[in-house]
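This report concerns only the one structure given below.
Throughout, numbering of the chain's residues begins at 1 and tracks the sequence. Basis for what follows: all heavy atoms, side chains included, without hydrogens, waters or symmetry-related copies.
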Amino acid sequence: MKKWLRVTLKSIAAVMIVIVLFFAVVFVVNIISNKSEQGKIEAYGQLVPVDGKKMNVMIQGSGKETVVMIPGYGTAAPALDFKPLVDELSSSYRVVVVEPFGYGLSDRTDKERTNDNIASEIHEALQQLGIKRYTLMGHSIAGIYGLDYVNKYTDEVTAFVGIDSSVPTQGGMDDEMPVGMFKFLDQSGIMRLLKKVGGDAYAGLDFDDHTKQQMRMISNKNSSNDTTLNEMKHFNENFTAAQALSFPKELPLLLFIQANNTDVEGWQTLHEEQVKNSAYGKLVPLVGEHYLHHTLSKEIAKDYKDFMAGIK
């Protein structure tokens, strides 16, 4: 009996040692990889002073009219992620991609990630660049920040375009967000491991290999940083605050949505309600993934051009 117990205890100890060694290796590899990748990330766009920090903004095209693009939550390198759509639009418009604090090559910030702060920071970046009149085009949660933005800066925004944009009353946003878990996964190196074993997230998409590699490295750099985790912590507060707002009736409103969305109950109905209250509203369901601009940029660009021509 004693011999069996000793063997069992040794086996348990061996397993524990293997587990500890595994996590130690994952942790060290993550630190080394982060340092190595820092020197391989290439600059793009321009750094603009905002609230005492630097916000990265990329501008492409020289059209008379301007489209300002803001990303959805967790899009590591917005200027690169939007590239297929930017390329389609920049032949006719000046396209400006703003990377909010915590994203892309922008600095991080300790300021709370409220709707008001995020909108004000984006606006300050545009002011620094002398951009006064523009369409605001946003993906995913930018539908929430965009609501706050267009009501604050009504005289500047000429239209709002949502790319599968969030709606204040959509379900599930009052759940407690696993901020601590994401922070642990990132700091332990497990997040990097999960991305590695998860395969190529950009497989089959219209990005060259170099751009894919840059996005992967920037994703590792920005993964679950304190700024974006603070944004996650404010999800419930921000969605609730946006419920008191609506898009101005006279503001042209074009909403592209994922037609086959089964994750959010009543996804199309929620957007139909937003469009219904607009004097110049249009809803365009598209069959694709949440990141519609990855695969349907030509369709989005054409519909946007036609929509704005119709408004004029």
Exceeds 12 heavy-atom contacts within 6.0 angstrom, atom OH of Tyr280: no
Modelled atom types, side-chain donor and acceptor of Glu231 and Tyr145, under 3.5 Å: yes
Between Asn34 and Arg192: side-chain donor-acceptor atoms closer than 3.5 Å: yes
His139 and Tyr291 aromatic ring geometry - parallel, tilted or perpendicular at 30°/60° bounds: tilted
Ser219 side chain to Lys195 side chain, donor-acceptor N/O pair below 3.5 angstrom: yes
Transitive ILVMFWY side-chain link Val97 to Ile300, under 4.5 Å: yes
Member of Leu245, Ile144, Asn238, Leu270 meeting the side chain to side chain contact (heavy atoms under 4.5 Å, CB included) criterion with Pro168: Ile144
Aromatic ring pairing His293/Phe82, orientation class (parallel under 30°, perpendicular over 60°, tilted between): tilted
Carboxylate-amine/guanidinium contact Glu121 Arg113, below 4.0 Å: yes
Side-chain ion pair, Lys40 and Glu37, N-O less than 4.0 Å: no
Salt bridge flag under 4.0 Å for residues Lys183 and Asp226: yes
Thr158/Glu65 under side-chain contact (heavy atoms from CB on, under 4.5 Å): CA gap, chis, key distance, verdict: CA-CA 10 Å; Thr158 56; Glu65 297 176 10; over 6 Å; no
Of Asn225, Asn230, Leu229, the residue whose pairing with Thr227 passes side chain to side chain contact (heavy atoms under 4.5 Å, CB included): Asn225
Side chain to side chain contact (heavy atoms under 4.5 Å, CB included) partner of Tyr93, chosen from Lys64, Lys305, Gln60: Lys305
More than 12 heavy atoms of other groups within 6.0 Å of Asp155 CG: no
Proximity of Tyr149 and Tyr153 rings by center, below 6.0 Å: yes
